[in-house]
Structures are given as structure tokens and as C-alpha cells.
Amino acid sequence: GTFVAAWRARDAAGRPRRGLRGLALAAGLGIPAQAVIGGLSVLTALNPWVVGLHMVVSVALIVLCVLMVHDAFAVRPVGLSRPVRWLVLLASGLGLLAVLFGIVVTGAGPNSGDGGAARNGLDTLWTARIHSLTVWAVVAATVALLWLVRRDPSVRRAVLLLLVVELLQGAVGYAQYFLGLPPALVALHMLGTALFTAALAHLWWLTRTPLTDLSEPR
């Protein structure tokens, strides 16, 4: 249904929305991709590395859907200086690392979903510490961004939203660690990962265009 709506969508000049079509198609193809990964995870007795691919594809789908919504509603980018944009890219890269390391931590932890499922064999303590370091790095980059864009209300809201999600997600992460990884908190942490991914994708999309490019004809 989403792809049909995207196929029928037209811009103000009546031209097809090709970018929107591509995003809708990519998001749609992600669903059968998840099914294939699910089958492989069963065949490999819930190998944590294969199961982790579920989360990788889920994160990619969240990003695609955020971009698709922004494209559908024609959200205009906010021009920023190149140093600020580089800091956004740094925060985005660190955020991706934090999510990937979080997947590794899950594979090392006790919540396998099946008592007989193997874990990845990595030390839970050290993987959790490395994951937390990447999270703190993202928080530091976000705080720096908040200071740099403090006079720009539109971008400041996006950065502040990201920071709030990061702090809440971090609080849940530390709580689940010190409480012995109760499944309910782990599930809440997964929800936080989805919100963090959406907030980060929103900030990246909003700041994707340099300040100088906004003055160029489109």
C-alpha cells in the first residue's frame, strides 16, 4: 500500500516522486529480507550473529521510513556550516557504532530467546563497556552540537530531542546492566534503540545540505 501511494504521488509540477518511490520500494523489500534472516536464524539454531542481522535490518528500515516520511511531507533541510554538518556526521557514525556494539552485547548476554541457543562467546562485561563508551561519545558529540546550534530553533529542537532520547536510553541501559538484564528492561532498551535511530535519522536529514547549497537554484 505504501509503494502504491508513493507510485501515485506527484510533485507540484505533476511529475512522479521518484525519490519517494525508491524509498518505499527499499522499505518494502526489507520485510521479506527479515523473513529470510528469520529462516536462517532458525536453521542455525538461533546463532546470535545471524539473529543480530534482524536488528541491523530493523535499524535500516527505521532510517528508510524516517527519510520516506520527510520526503513525503517535503521537509526542507536547514542550511548549516560545514563544521556543524561534519559534527552531525560524526554523531551519526558514532550512533551507528553504538547500535552495532549493542547488538554484540545482546548476543553475549543471557537473553537468547531460547534456553539452548548459543551465545557469541564474547565477555559480557567488556562488550558492555565498549558499548557504553560509544554511547558516551555520541552524547558528547550531541552536547557539542546543542551548543553550536543554540541560536537555530529548528535544528536545536532536533538535537535536543536526540539528546533526551540518548539520556533516557542510557538510563535504561545502566539499569538493565546493574539489575542483571531483566527481559522487560531489555525490551524497553530495544524500543529506545528504535527511537534513537529515528531521532538520529531525523537530525541527519534535516542538516544534510550545506549552508552554501541552499542559495543555489534547485
Side-chain angles (χ1 to χ4, degrees), residues 19 23 55-56 58-106 125-178 185-186 188-218:
L23 289 169
M55 191 61 180
V56 173
S58 295
V59 167
L61 283 172
I62 291 169
V63 173
L64 284 172
C65 288
V66 169
L67 301 188
M68 182 165 53
V69 169
H70 283 57
D71 190 286
F73 285 90
V75 176
R76 296 281 296 173
V78 177
L80 295 173
S81 64
R82 292 191 183 276
V84 177
R85 288 189 66 250
W86 279 112
L87 191 54
V88 171
L89 292 176
L90 175 63
S92 301
L94 290 171
L96 177 61
L97 278 178
V99 171
L100 292 177
F101 278 125
I103 295 171
V104 175
V105 174
T106 302
L125 175 62
W126 281 104
T127 53
R129 285 177 174 174
I130 294 172
H131 172 56
S132 66
L133 286 175
T134 57
V135 171
W136 279 112
V138 177
V139 171
T142 306
V143 170
L145 271 172
L146 187 60
W147 172 258
L148 291 175
V149 301
R150 63 190 183 279
R151 292 187 176 88
D152 190 328
S154 57
V155 181
R156 186 177 66 234
R157 285 193 297 268
V159 177
L160 185 60
L161 173 64
L162 177 62
L163 181 61
V164 169
V165 172
E166 289 170 354
L167 294 178
L168 292 175
Q169 176 74 331
V172 174
Y174 277 106
Q176 69 172 4
Y177 178 79
F178 287 113
L185 282 182
V186 173
L188 187 60
H189 202 53
M190 297 279 284
L191 173 61
T193 300
L195 296 175
F196 168 73
T197 301
L200 191 60
H202 168 61
L203 177 62
W204 174 81
W205 179 264
L206 193 65
T207 61
R208 70 191 188 279
T209 304
L211 182 61
T212 54
D213 289 356
L214 288 180
S215 59
E216 297 176 358
R218 292 180 176 273

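Keep in mind that this is a model prediction, so the values were computed, not measured.
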Could you report the tightest heavy-atom contact between [X] and [Y], atom names first, then the distance?
X	Y	value
T207	R85	O-NE, 3.0 Å
L146	R156	CD1-CG, 3.8 Å
A91	L145	CB-CD1, 4.3 Å
R76	L206	O-CD1, 3.8 Å
Q169	H189	NE2-O, 2.9 Å

Atom pairs and distances, side-chain donor-acceptor, residues 58-65, under 3.5 Å, sequence neighbours left out:
from: S58; atom 1: OG; to: Q34; atom 2: NE2; distance (Å): 2.9
from: S58; atom 1: OG; to: H54; atom 2: O; distance (Å): 2.8

Residue list, side-chain contact (heavy atoms from CB on, under 4.5 Å) with [X], at least two apart or on another chain:
X	result
P83	S81
R150	W147
L89	W86, W204
L90	L87, L94

Which donor-acceptor pairs under 3.5 Å do the side chains of residues 132-139 make with protein atoms, sequence neighbours left out?
from: S132; atom 1: OG; to: A128; atom 2: O; distance (Å): 3.4
from: S132; atom 1: OG; to: R129; atom 2: O; distance (Å): 2.7
from: T134; atom 1: OG1; to: H131; atom 2: O; distance (Å): 2.6
from: W136; atom 1: NE1; to: Y174; atom 2: OH; distance (Å): 2.8

Interatomic distance, OG1@T142 vs CG@L161, rounded to 0.5 Å, equals 11.0 Å

Taken to the nearest 0.5 Å, the spacing of L125 CG from I130 CD1 works out to 10.0 Å

Q: Could you walk me through whether L100 and V56 pass side chain to side chain contact (heavy atoms under 4.5 Å, CB included), step by step?
A: CA-CA 8 Å; L100 292 177; V56 173; 4.2 Å; yes

Could you tell me if the side chain of D152 sits less than 4.5 Å from the side chain of L80, heavy atoms only? yes

For residues 195-202, tabulate all N or O donor-acceptor pairs below 3.5 Å that involve a side-chain atom, not counting sequence neighbours.
from: T197; atom 1: OG1; to: T193; atom 2: O; distance (Å): 2.8
from: H202; atom 1: ND1; to: H70; atom 2: NE2; distance (Å): 2.6

Quick note, side-chain hydrogen bond (donor to acceptor under 3.5 Å, both in side chains) partners involving residues 89-99, not counting sequence neighbours, are none

Quick note, salt bridge (Lys or Arg N to Asp or Glu O under 4.0 Å) partners involving residues 63-75, not counting sequence neighbours, are R17-D71

